[in-house]
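All remarks here apply to the structure that follows.
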Amino acid sequence: ARLANQIAAGEVVERPASVVKELVENSLDAGATRIQIDIERGGHKLIRIRDNGSGIAKEELTFALSRHATSKLKSLDDLENICSLGFRGEALASISSVSRLTLSSKPEQQEAAWQAFAQGRDMAVEVKPVAHPSGTTIEVKDLFFNTPARRKFLRTEKTEFSHIDELIKRIALSRFDVSITLTHNEKVVRQYRAKTDPAQAITRVAQVAGKAFAEQGLHIQSGEAGLQLHGWVLPVGSANTTQYTYVNNRMMRDKLILHAIRQAFEEVSGEQELPGFVIYIDIDPRQVDVNVHPAKHEVRFHQGRLVHDFILQAIKQVVVPLQA
Ligand code: ADP
Ligand code: MG
C-alpha cells in the first residue's frame, strides 16, 4: 500500500505548493474559518497547516492517513516514469509516504485531542494524546526525504515559497470569508483577514492584487442567475497587470475567457496590452465541465459562443477608452 501511496504522491505532490494546496483544501472542506500556514525553508523543511475546522475523531485518524489502492507495479523506479495515473482522495496518504507527517486533531465534541504520526513508506501510524484546540494541525516535515529523485527537482527556497504565496493568493480571492495567515521562516508574510461584508471584498482584492484595485478598480456586475459576472478591471494603460479569473469560484486561466476579455479591451480602446482584472464568472454547473485539464485550469463551456459574448459585453460596459 505504501508503494501505491508513493505512486500517487508523484501525481498529487509535485512540490511544496501542491502539498499546501491539498491541505488547505482539506481545511476548507472541514469548514474552517481560520487557517494558518507556516512554511520553513520554502517548504522543504516544514509545512504546517492549522485550522479551526470540524476536526477528525480519534478513531478516524489512522483511516484519514490510509487508502485502499492496489498497484501491480513492483518498484518505485517504474513509477517515476508513469505520470498519467489519476488519483483523487488520497492526498494525506500520498503526502505522508514522502515525508514525516504529524496529524493532530480534535472535533469540538471530543474531549481530548489525538495525534497520529506517519513517515515514509512504512505505514506504521502511531496514535497518542496531545494538547490541541478544536480543529486540525498537519505538519509535513522533510518533504521527499525518501525520494531523492523528486527532491532534486525542488527549486530554491525563494522560488518554492513564491509558488505557495501565489497559491494562497488564489485561494484568498476565492474565500473572502476565511481568514488566512501565511508565515515563512517564522515571519508573517501575508495576513488576509476574513471579510464578511461584501463591501469589504475590495480591501482583500487590493491586498492580493495591488492597491490600484482599490484606487482605480472599475466594478462590474452583470447578468443574472445562471450566467453572471462580477469583479473589477483596471483602467486601460494601468501598470498593474495582475489577472485572475474564476469560474464558479475556482481559479481558471481559460482561453475563451481571456479571449473575450482581450477583445472587449481592444474594441473599446484599441489597446492590445491588458491591464489587471479580477473577474468571477458564475454559471449553471450543468453548463460547464470544469475538469477538462485540472492542471491547466481550463474549462469547457457547453455554449461557448454565448458565454464568450456575454463576457465581452459585460467587460465592454466598464472599459473606458484611453482618451476619455
Ligand atoms: P479527501 O480530501 O479527498 O477525502 P485526503 O487524503 O485529502 O482525501 O483527506 C482524507 C480525509 O481526512 C478527509 O476525507 C477528511 O475526512 C480528513 N481530513 C483531512 N484533513 C482534514 C482537516 N483539515 N479537517 C478535518 N478533516 C480532515
Ligand atoms: Mg483532500
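A quick note: this is a predicted structure, and the numbers were derived from the prediction, not measured. Read the numbers this way: they start at 1 and go in the same order the structure lists the ligands and their atoms.
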Exercise. If you draw a 6.0 Å radius around CZ in R262, do more than 12 non-hydrogen atoms from other residues or ligands fall strictly inside?
Worked result: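 Not buried by this count: 12 neighbours or fewer within 6.0 Å.
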Problem set entry | For A91, the ligand 1 atoms whose distance to one of its heavy atoms is below 4.0 Å |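 Checking each atom against A91, I get 5 (P), 6 (O), 7 (O).
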For this session: Please identify which atoms of ligand 1 are closer than 4.0 Å to at least one heavy atom of A64.
Result: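 By the 4.0 Å cutoff, the relevant atoms are 10 (C), 12 (O).
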Exercise. Is ligand 1 less than 4.0 angstrom away from at least one heavy atom of E90?
Worked result: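 Heavy atoms of E90 do come under 4.0 Å of ligand 1.
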For this session: Consider ligand 1: state whether an atom of it lies below 4.0 angstrom from any non-hydrogen atom of G53.
Result: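 It does not; every heavy atom stays at 4.0 Å or beyond.
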Exercise. Is there a donor-acceptor pair closer than 3.5 Å between any side-chain N or O of S174 and the backbone N or O of I171?
Worked result: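 Yes, because the side chain of S174 sits within donor-acceptor range (under 3.5 Å) of the backbone of I171.
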For this session: Without swapping roles, check the side chain of S269 against the backbone of E266 for a donor-acceptor pair under 3.5 Å.
Result: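 Checking the backbone N and O of E266 against the side chain of S269, no donor-acceptor pair under 3.5 Å is found.
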Could you name the option among [options] that has the heavy atom nearest to [atom]?
atom: atom 18 (N) of ligand 1; options: I56, N26, D51; value: I56
atom: atom 24 (N) of ligand 1; options: A32, A30, S96; value: A30
atom: atom 6 (O) of ligand 1; options: L61, L92, I49, L23; value: L92

Problem set entry | Flag for D177-T196: side-chain donor and acceptor within less than 3.5 Å |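 Short answer, no.
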Exercise answer: donor-acceptor pairs, residues 205-233 side-chain atoms, under 3.5 Å, sequence neighbours excluded:
{"from": "Q207", "atom 1": "NE2", "to": "Q191", "atom 2": "O", "distance (Å)": "2.6"}

Problem set entry | Ring-face cation of R100 near F145 (centre distance under 6.0 Å, axis angle within 45°) |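 Yes - R100 lies over the ring of F145, closer than 6.0 Å to its centre and within 45° of its axis.
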